[in-house]
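One is the number of the first residue; the rest follow in order along the sequence.
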Amino acid sequence: MVCRAARRRARANLITVACCLPVYRLLPRVCHPNIPAGSCSQITARVKPGQSESLIVSLSPTALSSSGIVEMSMRRLKARNALGHVFVSQMRELVSSLYHDSSARVVVFRSLVPGVFCAGADLKERALMNDAESDLFVHGLRSLMTQIALLPTPTIAAVDGVALGGGLELALACDLRTAACSAQMGLIETTRGLLPGAGGSQRLPRMVGVTLAKELIFTGRRVGGQTALEMGLVNRAVEQNQTGDAAYREALSLAREILPQAPVAVRMAKEAINRGVEVDMNSGMAIERMCYARVIPTRDRQEGMAAFIARRPPRYTGQ
């Protein structure tokens with residue numbers, strides 16, 4: 001009888017474990033144009049039990065001949081790309097997959113929801129959380145933005161619509177930003193009894209200056225694309241087009257300017273800048289020297305010199 005009871009408990013435990021296993025959805029992995037079709041593995045996005053199984057964040061190469069540009073596409077239509085549990089979980093997994101993918105040369109974050117980049121936190125989900133759960137969720141959101149900021153690959157946020165609160169913090173975590181003039185951006189957390197909690201209070205002052213950042217955060221003010229350009233919040237601002245994707249198209253144009261450059265050199269330049277701005281000048285110079293030393297032995301450096309001497313365009317391979 002004891003053995004039978006033990007077996008019943010074991011089967012019950014097995015069922016419990018099986019129910020708790022994550023479900024995986026498969027997405028196409030980004031492949032370098034020179035890699036034969038079918039030789040790449042796949043990126044997986046994890047959908048946890050009890051969550052919606054629809055993929056609201058996806059990763060794919062662009063349909064351009066200049067492959068190497070990768071799109072992180074957001075589509076949570078009814079919630080305007082609000083940052084909920086499923087959304088954040090899926091994006092975290094896809095961002096992680098890019099860390100060691102040398103075929104991804106530039107990553108463009110875009111929205112497939114018309115008129116919206118990201119509306120910020122999912123307040124309906126947040127309303128159901130207690131204080132501890134809310135703190136834990138925001139900590140996870142903050143670490144996602146740090147994860148994006150630390151990607152070795154250059155990143156561009158294409159803001160074709162509203163980017164508020166956490167939505168703007170997502171754009172701030174990217175290296176570069178393009179925006180439609182009609183877009184609306186703002187860290188509006190103080191209007192909700194909060195403060196920016198996913199890096200906005202730190203990244204915005206480093207981008208536009210302390211005084212202006214305080215004004216924008218204290219007032220919860222929203223700014224359009226042209227104003228954002230003038231204050232240094234975005235790199236490029238363009239008039240919106242009929243298809244509502246002018247910022248995305250401008251992001252692709254900017255990505256295509258980056259694409260021909262030596263991949264290792266671009267990554268090392270990003271690391272030197274990102275780490276250097278956080279330290280004093282002497283320490284920054286030491287970081288620059290370290291990054292430069294990693295470029296010297298590359299084949300791309302030799303190719304760059306050879307192309308210059310031969311007066312021909314360089315053909316970089318990322319090695």
With a 6.0 Å cut-off (strictly less than), is the heavy-atom count around [atom1] of [X], excluding the residue itself, greater than 12?
X	atom1	answer
Y99	OH	yes
R222	CZ	no
E288	CD	no

Taking the side chain from [X] and the backbone from [Y], do they hold a donor-acceptor pair closer than 3.5 Å?
X	Y	answer
E125	H85	yes
T190	I217	yes
N282	A286	no
T146	R142	yes
R177	A171	yes
T227	V223	no
R105	L259	yes
S111	V116	yes

Between [X] and [Y], does at least one N-O distance fall below 4.0 Å, as a salt bridge requires?
X	Y	value
D160	R110	no
R236	E257	yes
E169	R203	no
R312	E303	yes
E278	R206	yes

Can you tell me if [X] and [Y] form a side-chain donor-acceptor pair at under 3.5 Å?
X	Y	answer
D131	S134	no
T153	R267	yes
D300	Q319	no

> Excluding sequence neighbours, so at least two apart, what forms ring-ring contact (aromatic ring centres under 6.0 Å, His included) with Y316?
Replying inline: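 None.
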> Given side chains that start at C-beta, do those of F117 and N81 come closer than 4.5 Å, heavy atoms only?
Replying inline: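 With C-beta onward as the side chain, the pair stays apart.
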>> Please determine whether side chain to side chain contact (heavy atoms under 4.5 Å, CB included) holds for the pair L176 and T155, giving the CA-CA distance in whole Å, both sets of side-chain angles, and the decisive distance to 0.1 Å.
In response: CA-CA 6 Å; L176 307 169; T155 54; over 6 Å; no
> Taking it one step at a time, do E133 and R126 satisfy salt bridge (Lys or Arg N to Asp or Glu O under 4.0 Å)?
Replying inline: CA-CA 9 Å; E133 290 169 338; R126 292 282 291 276; over 6 Å; no
